[in-house]
Amino acid sequence: MATHLPFPWKHAGRPNLPRTPYICIAMIDREARKKKLQQQQSIMDRHPNLAVAMVGLVMVVAASLPAPSTSWRHFLDLSGLISSGSGSGAGFGKWVVLNQEEYVVKKSLYAKKAAGDTGKTVDESLSSAEAAKVTWVVDPKGKASDTTYTTITAALNAIPEGNKKRVILDLKPGEYREKIFINISKPFVTFMSDPLKPAVIAWSDTAATKGKDGKPVGTVGSTTVAVESDYFVASGVVFKNDAPLAKPGAKGGQAVALRLFGTKASLYNCTIDGGQDTLYDHKGLHYFKDCMIKGSVDFIFGFGRSFYEGCTIVSVVKEVAVLTAQQRTKTIEGAIESGFSFKNCTIKGEGQIYLGRAWGDSSRVIYSYTEMGKEVVPVGWDGWNIAKPESSGIYYGEFKCTGPGADAKKRVGWALDLTDEQAKPFIGTHYIFGDSWILPPPNAEAAGSTATATATASAPATAINSSALATAASAPTTASK
């Protein structure tokens with residue numbers, strides 16, 4: 001029988017505190033199976049690596065046999081062999097194997113990729129935008145001119161629809177009390193600041209804040225900086241939602257500091273600071289390098305496909321904190337499109353820290369080479385409202401992590417202690433296909449030439465590239481939060 005740790009908070013909808021976590025998993029009872037098969041099945045559920053090993057053995061045997069007949073092909077449909085439930089449409093062991101297969105196929109493809117007709121490694125639209133980059137100054141204490149703005153909003157308004165140039169906004173030190181939205185039609189925007197004297201973009205809306213129509217703005221509407229355009233870059237900037245921390249169990253306490261909805265976004269040496277739902281890693285390919293992310297509950301959430309490298313993740317509450325709520329409710333084959341991977345990161349803070357909870361039955365989060373403080377609870381993960389996380393398609397794994405909170409042997413039975421082969425898909429920028437779009441962070445010396453805002457703003461509006469629009473249009477819509 002499963003053991004539970006009691007929490008003093010109600011669980012309704014998507015509250016700001018975790019549901020009772022599982023410490024050990026219930027045995028799967030499938031009356032239609034014979035007793036022997038039941039025993040074999042339960043062993044594989046508790047030890048996914050064993051299931052993968054059996055899959056490998058089956059494939060080796062298959063390779064040595066003659067061309068398969070119809071019945072043999074049916075046997076090789078591994079979902080029937082290793083599935084412990086039908087929740088995600090295929091067995092968990094097959095889900096693990098699919099991750100490895102995708103790594104082999106995609107890594108090979110992207111290593112050889114020459115985007116467009118240019119033969120360059122960087123995709124053609126990005127290469128063209130970088131070649132034409134311009135720098136504008138944003139200084140609240142400055143004097144407005146063709147190349148200087150006193151607010152970020154004014155600078156963004158000057159960027160034309162269908163922008164095709166890299167526009168670097170050099171943000172001078174100080175607090176910018178602005179609520180920012182970057183439209184999908186304005187890609188290639190960069191926020192650049194000195195991390196020793198950073199620009200701080202701050203606002204204080206929560207999901208319960210009333211909008212102009214008198215209704216709560218919701219989680220999305222609470223965001224301080226929302227980026228819906230592609231190819232966004234930020235370096236040395238602080239993104240902050242400084243609303244008071246929500247009390248345990250309170251409704252409407254979500255307070256997003258940064259929401260990334262566009263794809264191919266990279267952030268370097270930035271701070272993303274808030275409480276509940278700090279970083280909405282909403283959709284797309286995202287790269288976070290040497291960033292600090294601070295929050296309380298689900299403070300990295302969404303269904304982006306993102307790689308966090310060298311980041312520091314800090315809990316700011318003395319009660320219970322949950323780092324991630326990665327969202328994916330789909331078939332296993334579809335779930336492979338998204339997930340969060342953390343490499344060489346540091347986890348610390350106050351209270352008790354859970355590595356993640358499942359916002360959807362195919363949630364995927366991986367920590368590798370990450371230092372985990374003593375605040376990380378031994379069980380590590382919470383299944384939240386998923387009745388059978390061991391069979392739904394949830395993929396939670398750890399690989400060669402260190403620190404007092406990193407003992408994988410004490411984790412819930414459905415979290416993976418990854419092997420070298422299982423970890424390979426997640427421990428490099430190949431996970432987000434970075435060879436085609438990740439560039440070094442900008443700096444003042446290499447920012448490029450300065451051009452007048454007037455000249456750029458007067459350029460004829462052109463449509464954003466069709467591939468970007470197609471990507472946005474085909475992306476699934478997140479569940480209400």
Side-chain angles (χ1 to χ4, degrees), residues 48-49 51-52 55-56 88 92-111 263-267 279 281 283-291 293 300-313 323-328 330 332-347 355-360 362-372 376 380-381 393-403 406 408 411 414-438:
N49 291 342
V52 175
V55 170
S88 59
F92 182 74
K94 186 175 183 179
W95 178 206
V96 176
V97 172
L98 282 173
N99 280 273
Q100 294 171 247
E101 290 175 348
E102 190 213 29
Y103 162 71
V104 172
V105 173
K106 294 287 180 70
K107 186 173 186 293
S108 176
L109 287 176
Y110 274 81
T263 194
K264 298 183 179 180
S266 52
L267 286 85
L279 172 58
D281 194 341
K283 178 193 73 71
L285 304 173
H286 305 145
Y287 180 54
F288 298 84
K289 173 68 173 172
D290 299 330
C291 294
I293 305 163
I300 303 173
F301 74 105
F303 54 76
R305 183 180 180 119
S306 303
F307 187 56
Y308 296 78
E309 186 172 23
C311 295
T312 301
I313 305 165
L323 300 191
T324 63
Q326 204 281 325
Q327 198 269 346
R328 173 61 72 183
K330 209 172 180 181
I332 278 177
E333 289 78 4
I336 209 163
E337 297 170 3
S338 74
F340 304 155
S341 175
F342 298 83
K343 180 185 177 185
N344 293 333
C345 293
T346 300
I347 297 171
L355 299 174
R357 62 175 178 168
W359 186 28
S362 296
S363 175
R364 180 171 66 166
V365 180
I366 305 298
Y367 293 92
S368 59
Y369 304 107
T370 290
E371 183 178 355
M372 299 182 180
V376 175
W381 307 86
I394 290 172
Y395 190 123
Y396 287 160
E398 297 168 59
F399 179 68
K400 295 186 178 180
C401 294
T402 58
R411 298 295 190 238
W414 38 267
L416 289 170
D417 183 11
L418 299 174
T419 66
D420 288 359
E421 290 302 311
Q422 291 167 352
K424 281 182 179 179
F426 307 105
I427 56 176
T429 55
H430 56 259
Y431 175 63
I432 50 173
F433 318 129
D435 290 348
S436 66
W437 62 273
I438 294 178

State, to 0.1 Å, how close [X] and [Y] come at their nearest heavy-atom pair, and which atoms those are.
{"X": "Phe399", "Y": "Leu418", "answer": "CD1-O, 3.4 Å"}
{"X": "Gly310", "Y": "Cys345", "answer": "N-SG, 4.0 Å"}
{"X": "Cys291", "Y": "Leu267", "answer": "SG-O, 3.5 Å"}
{"X": "His286", "Y": "Ile432", "answer": "O-CD1, 3.5 Å"}

With sequence neighbours left out, what residues match [X] under side-chain hydrogen bond (donor to acceptor under 3.5 Å, both in side chains)?
{"X": "Ser363", "value": "Tyr396"}
{"X": "Tyr308", "value": "Asp281"}
{"X": "Tyr103", "value": "none"}
{"X": "Glu101", "value": "none"}

Lys424: salt bridge (Lys or Arg N to Asp or Glu O under 4.0 Å) partners, not counting sequence neighbours =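 Scan of Lys424 (salt bridge (Lys or Arg N to Asp or Glu O under 4.0 Å), adjacent residues dropped) gives Glu421.
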Quick one: does [X]'s side chain get under 4.5 Å of [Y]'s, heavy atoms only?
{"X": "Ile394", "Y": "Trp381", "result": "no"}
{"X": "Leu323", "Y": "Phe342", "result": "no"}
{"X": "Val96", "Y": "Gln422", "result": "yes"}
{"X": "Phe303", "Y": "Glu337", "result": "no"}
{"X": "Ser338", "Y": "Gln326", "result": "yes"}
{"X": "Ile438", "Y": "Lys289", "result": "no"}
{"X": "Thr324", "Y": "Arg364", "result": "no"}

Under the ring-ring contact (aromatic ring centres under 6.0 Å, His included) test, residues paired with Phe426 that sit two or more places apart |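 For Phe426 the ring-ring contact (aromatic ring centres under 6.0 Å, His included) partners, ignoring immediate neighbours, are Tyr395, Tyr431.
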Roughly how far, to the nearest 0.5 Å, is the [atom2] atom of [Y] from the [atom1] atom of [X]?
{"X": "Cys401", "Y": "Lys343", "atom1": "SG", "atom2": "NZ", "answer": "12.0 Å"}
{"X": "Ile347", "Y": "Met372", "atom1": "CD1", "atom2": "CE", "answer": "4.5 Å"}
{"X": "Glu398", "Y": "Tyr367", "atom1": "CD", "atom2": "OH", "answer": "8.5 Å"}
{"X": "Phe288", "Y": "Leu279", "atom1": "CZ", "atom2": "CG", "answer": "4.5 Å"}
{"X": "Phe307", "Y": "Ile427", "atom1": "CZ", "atom2": "CD1", "answer": "8.0 Å"}
{"X": "Thr346", "Y": "Ile313", "atom1": "OG1", "atom2": "CD1", "answer": "8.5 Å"}

When the ring centroid of Trp359 is compared with that of Phe340, is the distance short of 6.0 Å?
->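 Distance test on ring centres: not under 6.0 Å, no.
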Report the C-alpha distance between Tyr287 and Glu309 in whole Å, list the side-chain angles of each, state the deciding distance to 0.1 Å, and finish with yes or no for side-chain contact (heavy atoms from CB on, under 4.5 Å).
-> CA-CA 8 Å; Tyr287 180 54; Glu309 186 172 23; 2.6 Å; yes
Answer yes or no: is there a donor N or O on one side and an acceptor on the other, between the side chain of Ser436 and the main chain of Gly434, under 3.5 Å?
->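 No; zero donor-acceptor contacts below 3.5 Å.
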